[in-house]
2 protein chains.
Amino acid sequence: MGNKENTHKNIVETAFKMFSDNGFDKTSLSMIAKEVGISKPAIYYYFESKEQLIDYIFDEICKEIEHQNDFSLDRISIDNFEAELISIGYRMIEEHEHDEYFNKIFNEYILLASRNEKYRNRLYEIQKGYLTTYYDLLKFGVEIGAVSAGNIESKANLLGMLIDNIGNFMLTGFQLDYRGIWKEAVTSVLKEDKS
Amino acid sequence: MGNKENTHKNIVETAFKMFSDNGFDKTSLSMIAKEVGISKPAIYYYFESKEQLIDYIFDEICKEIEHQNDFSLDRISIDNFEAELISIGYRMIEEHEHDEYFNKIFNEYILLASRNEKYRNRLYEIQKGYLTTYYDLLKFGVEIGAVSAGNIESKANLLGMLIDNIGNFMLTGFQLDYRGIWKEAVTSVLKEDKS
DNA sequence: GTCTATAAGCAGATAGAC
DNA sequence: GTCTATCTGCTTATAGAC
């Protein structure tokens, strides 16, 4: 009874870590069971198949992303718009620095999604929401006069895609001045149009 | 005799396509052999192991990238600098549009590299060279007076990382105005500094 | 060079006892 | 809930004939 939830949690957390370390295909249920300290059939008491375990973790990850993806516009004014935008990126970079597993397994799911429709739609919505956040932010910036009105959509996509790839580059262990890059991007985008 | 090179080529090309479609782990040597129209042991005549086949294709891909990664600065002047930079990105976008397999298998190798040192160093050098190209371009732009001198490195990394992720986004089937995003990035980066 | 036959091992998954 | 024992199928890889 009390143990049931515990074992379930152990399986999920161990699988998450091992999938992240080795990938889905190179992590067998036997390996997970051994690491958890149970037998392989015990996993089948909680999950119908390996695929269902992978799907369960996918769902958990998606929920977490969807949840953390809405930051409020409350504190933002014309005076601190640029600084706030910069610090949003800084916060993302910081999260990545303390989060070795998440990005790795997420890339695993992205590759899965490129071949399996089941994961594609959900990730599509996440990516869309992700870019939309930057769009809403810049649109708000236009309203309060902190951003010039041209090409808001492209600017938003530019920022969203850049911060996304900063996460990927960090994953590969590439050492760059990511904060400097992000700051440069924000200030460049917010610069007045010449014309 | 004449057949030897042909079979070798068939194996490599078929494997490339199938690895791209299904991933390494979900493409067995039996599947490749069947698709080529030979028996499985025939593959072992050309490659010692599956891993060696994967490595061979990795080497081919790296060589191709390294080769196509140097565009000359000859045609570039102060008058056409921005336009040339924009068209460099456009050309990359166009390549991606006609190249369904390359990006997919390349991402497969990136994920491999995140777990296997053997692939890591080579990809590291490619990524570095990639970003360096944009750095050299911008530095040249500074010399001829087409770019203001501040933060060249961050600007170069920004452009390099953006065009890289444009490729990734295209892979996922995400429909965006990638040319507009790239153009916005280039013009933003080349805008005069306010101060 | 390419084949048939086969070895050895591990994968996902199930039966059934406790 | 968790176990031991087991099934089926597929994997990489090899032996040896032609």
Side-chain angles (χ1 to χ4, degrees), chain A residues 1-60 105 108-109 111-113 115-119, chain B residues 1-60 105 108-109 111-112 115-116 118-119:
Chain A
M1 279 254 151
N3 248 7
K4 181 172 176 175
E5 281 169 21
N6 226 310
T7 304
H8 184 277
K9 199 181 158 194
N10 277 340
I11 292 170
V12 171
E13 283 175 3
T14 304
F16 176 87
K17 197 163 173 277
M18 293 183 84
F19 283 152
S20 170
D21 279 337
N22 318 316
F24 297 127
D25 292 310
K26 292 214 155 54
T27 307
S28 71
L29 294 180
S30 324
M31 289 162 70
I32 295 171
K34 193 179 175 183
E35 184 73 18
V36 174
I38 57 176
S39 69
K40 184 166 56 170
I43 295 179
Y44 282 90
Y45 177 79
Y46 296 96
F47 299 95
E48 277 185 5
S49 64
K50 184 183 182 179
E51 193 182 350
Q52 209 185 73
L53 173 57
I54 292 174
D55 290 358
Y56 182 90
I57 294 175
F58 179 67
D59 194 51
E60 270 202 327
I105 200 172
E108 199 81 18
Y109 281 112
L111 216 48
L112 257 191
R115 295 171 178 132
N116 188 328
E117 205 175 351
K118 183 169 61 173
Y119 308 97
Chain B
M1 280 254 150
N3 249 6
K4 181 170 177 176
E5 281 168 22
N6 226 309
T7 305
H8 184 276
K9 198 181 160 198
N10 277 341
I11 292 170
V12 171
E13 283 176 1
T14 305
F16 177 88
K17 197 163 174 278
M18 294 183 84
F19 284 151
S20 170
D21 279 336
N22 317 316
F24 297 126
D25 292 310
K26 293 215 154 54
T27 307
S28 71
L29 294 180
S30 323
M31 289 162 69
I32 295 171
K34 193 178 175 185
E35 184 74 18
V36 175
I38 57 176
S39 69
K40 188 167 48 171
I43 296 179
Y44 282 91
Y45 177 79
Y46 296 95
F47 299 94
E48 278 185 3
S49 63
K50 184 182 182 180
E51 193 182 349
Q52 209 185 74
L53 174 56
I54 292 174
D55 290 358
Y56 182 89
I57 293 175
F58 178 67
D59 194 51
E60 271 203 327
I105 200 172
E108 200 81 19
Y109 281 112
L111 217 48
L112 256 191
R115 295 171 179 132
N116 189 328
K118 182 168 61 173
Y119 308 97

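Just so we're on the same page: letters track the sequence lines, and every chain starts at 1. Owing to the predicted nature of the structure, the values given are computational and were not obtained by experimental measurement.
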Please report, rounded to the nearest Å, how far the [atom2] atom of [N] is from the [atom1] atom of [X].
X	N	atom1	atom2	result
A:Lys34	C:dC10	NZ	C1'	14 Å
B:His8	C:dT2	NE2	P	12 Å
A:Asn10	D:dG1	CG	C1'	14 Å
A:Phe47	D:dG1	CZ	P	14 Å
A:Tyr46	C:dA13	OH	C1'	18 Å
A:Lys9	D:dG1	NZ	P	17 Å

Of the non-hydrogen atoms in [X] and [Y], which two are nearest, and what is the gap between them?
X	Y	answer
A:Thr7	A:Ile38	CG2-CD1, 4.3 Å
A:Met18	A:Ile32	SD-CA, 3.9 Å
B:Gly23	B:Glu108	CA-OE2, 3.5 Å

Take nucleotides 6-18 of chain D nucleotide by nucleotide from the 5' end and write B, S or -, depending on whether a protein heavy atom sits under 4.0 Å from the base, only from the sugar-phosphate, or from neither. -----SBBB----
Side-chain N or O of B:Thr7 versus OP1/OP2 of C:dT2: is the shortest distance under 4.0 Å? yes
Given D:dT2, is OP1 or OP2 found less than 4.0 Å from the side-chain N or O atoms of A:Tyr45? no
Could you tell me how the ring of B:Tyr46 sits relative to the ring of B:His8: parallel (under 30°), tilted (30 to 60°) or perpendicular (over 60°)? perpendicular
Listed pairs under 3.5 Å, donor-acceptor, residues 50-57 of chain A side chains, sequence neighbours left out:
{"unit_1": "A:Lys50", "atom_1": "NZ", "unit_2": "A:Phe24", "atom_2": "O", "d": "2.9"}
{"unit_1": "A:Lys50", "atom_1": "NZ", "unit_2": "A:Thr27", "atom_2": "O", "d": "2.9"}
{"unit_1": "A:Glu51", "atom_1": "OE2", "unit_2": "A:Lys118", "atom_2": "NZ", "d": "2.5"}
{"unit_1": "A:Gln52", "atom_1": "OE1", "unit_2": "A:Glu48", "atom_2": "N", "d": "3.2"}
{"unit_1": "A:Gln52", "atom_1": "NE2", "unit_2": "A:Glu48", "atom_2": "OE1", "d": "3.4"}
{"unit_1": "A:Asp55", "atom_1": "OD1", "unit_2": "A:Tyr119", "atom_2": "OH", "d": "2.5"}
{"unit_1": "A:Asp55", "atom_1": "OD2", "unit_2": "A:Lys118", "atom_2": "NZ", "d": "2.9"}

Can you find a heavy atom in the side chain of A:Arg115 that is under 4.5 Å from one in the side chain of B:Asn22? no
